[in-house]
Amino acid sequence: MSDFTANEIVKEFATSGEPLRILDGVNVELDRGQNLAIVGPSGSGKSTFLHLSGTLDRPTSGSINLLGTEISSLPEIKLPSFRNEQIGFVFQEHHLLPQLTALENVLLPTLAKGKSSQQQNERAKELLDQVGLADRSSHLPASLSGGERQRVAVARSLINQPVLLLADEPTGSLDQENADKIGQLLLGLQAASNAILICVTHSERLAEKFEQQVRLQAGKFVRD
Ligand SMILES: Nc1ncnc2c1ncn2[C@@H]1O[C@H](COP(=O)(O)OP(=O)(O)OP(=O)(O)O)[C@@H](O)[C@H]1O
Ligand SMILES: [Mg+2]
């Protein structure tokens, strides 16, 4: 079995009438160090798939396995710490806390277990350096540009050294130059940390840079 396996994923949402079937038998296998771009029209279920992969929601049927753990059936109580330790998220909007500095925002995922260690502090600084923001670590989000905020979000997603990195249109709110930078950054950091990266994007330009691309169409992944 691969490090990340999604097997025959079906996701339906309840409506007043017939349930809405958004994913209709999605299959993916990825090993550590591999990356995948997901493209597809608005409403096709791309975010839904990322949510299931990130244990933010559960499939109607099918299973998702990460490094031997059946994540789609983990008990509710185990989800927050599992997510915090194994999965990194980058969203279209950065979701930084406005009252925390860049450095503190990067350290946020480490606080679930109490105070950040000196080692985590060093790692946060190193990540800020890797995303080109060493000299912005004490800035509040309001005094960072859009691209810089998104780079902080990328650094934050990696602070706990996740196995699985999930990005949902990480460059969607940026101009092309900054979008390209964020894309390269994600791929570079993913390779360096031997993580699995799954990235949803509307940008064909960004998708092309990934080793694998799939299109979500009528509830299924179609290889481009
Ligand atoms: N909790 C929910 N209840 C009912 N329907 C939902 C729910 N979440 C998503 N949907 C529906 O599922 C479909 C897929 O949504 P999703 O957010 O996954 O699309 P997407 O491919 O990410 O689109 P976009 O490119 O616009 O972000 C949409 O039609 C949406 O309305
Ligand atoms: Mg979406």
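Numbers here simply count residues along the sequence, with the first being 1.
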Starting from the C-alpha separation in whole Å, work towards a yes-or-no answer on salt bridge (Lys or Arg N to Asp or Glu O under 4.0 Å) for R205 and E177. CA-CA 12 Å; R205 239 174 103 95; E177 191 187 334; over 6 Å; no

Step by step, work out the salt bridge (Lys or Arg N to Asp or Glu O under 4.0 Å) result for K46 and D168. CA-CA 8 Å; K46 304 181 298 296; D168 198 349; over 6 Å; no

Could you tell me whether the side chain of E70 and the main chain of S63 form a donor-acceptor pair under 3.5 Å? no

K11 versus R21: any side-chain heavy-atom pair under 4.5 Å? no

With side chains defined as the heavy atoms from C-beta onward, is the minimum distance between L20 and I22 less than 4.5 Å? yes

Under 3.5 Å: donor-acceptor pair, side chain of E211, backbone of N35: yes

E104/R156 ion pair, N-O < 4.0 Å: no

For the residue pair V39 and T201, establish whether any side-chain heavy-atom pair is separated by less than 4.5 Å. yes

Which residues end up grouped with L189 if you chain together Ile, Leu, Val, Met, Phe, Trp and Tyr wherever their side-chain heavy atoms are less than 4.5 Å apart? V90, L96, L103, V106, L107, L127, L128, V131, L133, L144, V152, V154, L158, I159, L165, L174, I182, L185, L186, L187, L197, L206, F210

Test side chain to side chain donor-acceptor pair (under 3.5 Å) on S138 and T101; report intermediate values, then the result. CA-CA 5 Å; S138 61; T101 65; over 6 Å; no

I want to check something: taking the side chain as every heavy atom from C-beta on, are P59 and V10 in contact at a cut-off of under 4.5 Å? no

CG (L52) and CD1 (I64) are apart, to the nearest 0.5 Å, by 5.0 Å

Checking salt bridge (Lys or Arg N to Asp or Glu O under 4.0 Å) for the pair D3/R32: CA distance, chi angles, key distance, verdict? CA-CA 6 Å; D3 295 332; R32 288 195 81 144; 5.4 Å; no

Same cluster or not: L30 versus L164, using hydrophobic residues (I, L, V, M, F, W, Y) connected whenever any side-chain heavy atoms lie under 4.5 Å apart? yes

Any donor and acceptor pair, going by atom type alone, linking the side chain of Q213 with main-chain N or O of A207 inside 3.5 Å? yes

Can you tell me how far apart CG (N65) and CZ (F4) are? Round to the nearest 0.5 Å. 9.0 Å

Donor-acceptor contact present, side-chain S53 to main-chain F49, <3.5 Å: yes

Taking D24's backbone N and O only, do any of them form a donor-acceptor pair with K220's side chain (distance below 3.5 Å, no angle check)? yes

Pair E76, R58 - check salt bridge (Lys or Arg N to Asp or Glu O under 4.0 Å), show working. CA-CA 10 Å; E76 202 69 35; R58 292 184 197 271; 3.1 Å; yes

Below 4.5 Å, heavy atoms only, C-beta onward: do I71 and F82 meet side chain to side chain? yes

For the atom pair CD (E169) and CG (L50), what is the distance rounded to the nearest 0.5 Å? 9.5 Å

Quick one: pull up CD in E122 and OG in S117 and give me the separation to the nearest 0.5 Å. 9.5 Å

What I want to find out is whether K78 reaches E85 closely enough, with some N-O distance under 4.0 Å, to be called a salt bridge. no

Judged by atom type as modelled, is there a donor-acceptor pair below 3.5 Å linking the side chain of Q217 to the main-chain atoms of G40? no

Atom CG of N105 and atom CD of Q99: how far apart are they, to the nearest 0.5 Å? 8.0 Å

Taking T55's backbone N and O only, do any of them form a donor-acceptor pair with R83's side chain (distance below 3.5 Å, no angle check)? yes

Report yes or no: does E12 contribute a side-chain atom to a donor-acceptor pair with the main-chain N or O of P19 at less than 3.5 Å? no

Validation row: N27, I9 side chains within 4.5 angstrom (heavy atoms): no

For the pair D129 (side chain) and A134 (backbone), establish whether a donor and an acceptor sit closer than 3.5 Å, ignoring hydrogens and angles. no

Between P162 and S157, what is the shortest heavy-atom contact and its length? CG-O, 3.3 Å

Verify, without hydrogens or angle tests, whether Q34 (side chain) and D31 (backbone) share a donor-acceptor contact under 3.5 angstrom. yes

Can you tell me how the ring of F91 sits relative to the ring of F89, calling it parallel under 30°, perpendicular over 60° and tilted otherwise? parallel

Look up atom CD in E126 and atom CD in Q120, then write down how far apart they are to the nearest 0.5 Å. 13.0 Å

